[in-house]
Amino acid sequence: MTDSTADNGRPRAILPALEKLYLPLDTFAETLLRVLAGALLVTHGYGKILDPFGAVGMVEGIGFYPGVFWSPLLAATEFFGGIFIAIGFLTRPAAFAATIVLLVTVYFHGIVQGQGLGGAEKSILWAAITFFFAIRGANSQSVDAKLGRQF
């Protein structure tokens, strides 16, 4: 029986020469995904952090009362959580909080607004990305790694 996994525990490449391309880019690709996800959350949360009570009506409209509590929490989760994810600091708790927010947006777009899968698909994808980092944490290219600890 032949060994079907490479030394890194992953399946061997069908074209072994490509492993010379894939392996060096592995950490870079994961870091790029984390940084982009965090940066885009920051961008999405920027308007909310400037007006933390601006989403009171929206959050109450989907059943989160009192809105004066949930609206600033939403703003902080998107803005500061996005910064934390991007730099890889407290990555797991920040990504977990973002995942919860994104699952609520899946519910909001898919159910409340009646958009179904078509309206919720972007939130589903984002929730999957943040869930990945909630479980995996940050990699060697992060503040968590530089501190030598992660949550």
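All values below come from the heavy atoms of this structure, side chains included, with hydrogens, waters and symmetry mates left out. Sequence positions, counted from 1, serve as the residue numbers for this chain.
Taking A97 as the reference, T77 meet the side-chain contact (heavy atoms from CB on, under 4.5 Å) condition, with sequence neighbours excluded. The side-chain contact (heavy atoms from CB on, under 4.5 Å) check on F131 picks up T99, I135, with sequence neighbours excluded.
Annotation: the span from I129 atom CD1 to L41 atom CG amounts to 9.5 Å, rounded to 0.5 Å. A distance of 11.5 Å separates CG of L40 from CD of E78, quoted to the nearest 0.5 Å. In this structure, CG on L18 lies 10.5 Å from CG on L23, to the nearest 0.5 angstrom. For the atom pair CE of M58 and OG of S71, the computed distance is 7.0 Å after rounding to the nearest 0.5 Å. Between I14 atom CD1 and E19 atom CD the span is 11.0 Å, to the nearest 0.5 Å.
Note on I62: it clusters hydrophobically with I111, by side-chain heavy-atom contacts below 4.5 Å among ILVMFWY residues. Neither V35 nor F133 shares a network with the other; the hydrophobic side chains, linked directly or stepwise wherever heavy atoms of I, L, V, M, F, W or Y lie under 4.5 Å apart, form separate groups for each. In the hydrophobic clustering of ILVMFWY residues, with side-chain heavy atoms under 4.5 Å counting as a link, L73 and V101 come out together. The hydrophobic cluster containing L21 does not contain L33, counting ILVMFWY residues as joined when their side-chain heavy atoms lie under 4.5 angstrom apart, directly or transitively. Residues I49 and L102 do not share a hydrophobic cluster, clusters being chains of Ile/Leu/Val/Met/Phe/Trp/Tyr side chains in contact below 4.5 Å.
Note on residues 82-109: no pairs pass salt bridge (Lys or Arg N to Asp or Glu O under 4.0 Å), not counting sequence neighbours. Applying the ring pair (Phe, Tyr, Trp, His ring centres under 6.0 Å) test to every pair with at least one member in residues 40-68, sequence neighbours left out, gives these pairs: F64-W70. Within the structure, every pair that satisfies the ring pair (Phe, Tyr, Trp, His ring centres under 6.0 Å) test and touches residues 80-116, not counting sequence neighbours, is listed here: F84-F89.
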Review point. Going through the distances and angles, do Q150 and S142 end up as a side chain to side chain contact (heavy atoms under 4.5 Å, CB included)?
Key: CA-CA 10 Å; Q150 58 181 330; S142 66; over 6 Å; no
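The two residues G81 and A94 have their closest heavy-atom pair at O-CB, 3.8 Å. Of all heavy-atom pairs spanning L74 and V59, the tightest one is CD2-CG1, 4.2 Å. Minimum interatomic distance between G67 and P72 (heavy atoms only, all atoms of both residues): O-CD, 4.0 Å. Of all heavy-atom pairs spanning S140 and T27, the tightest one is OG-CG2, 3.8 Å. The two residues R34 and I87 make their nearest non-hydrogen contact at NH1-C, 3.4 Å. Pairing each heavy atom of A95 with each of T130, the nearest pair is CB-O, 3.3 Å.
For the pair D144 (side chain) and T91 (backbone), a donor-acceptor distance under 3.5 Å is present.
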Side chains of residues 116-123: which donor-acceptor pairs under 3.5 Å do they make with residues two or more places apart or in other chains?
from : atom 1 : to   : atom 2 : distance (Å)
S123 : OG     : T105 : OG1    : 2.8

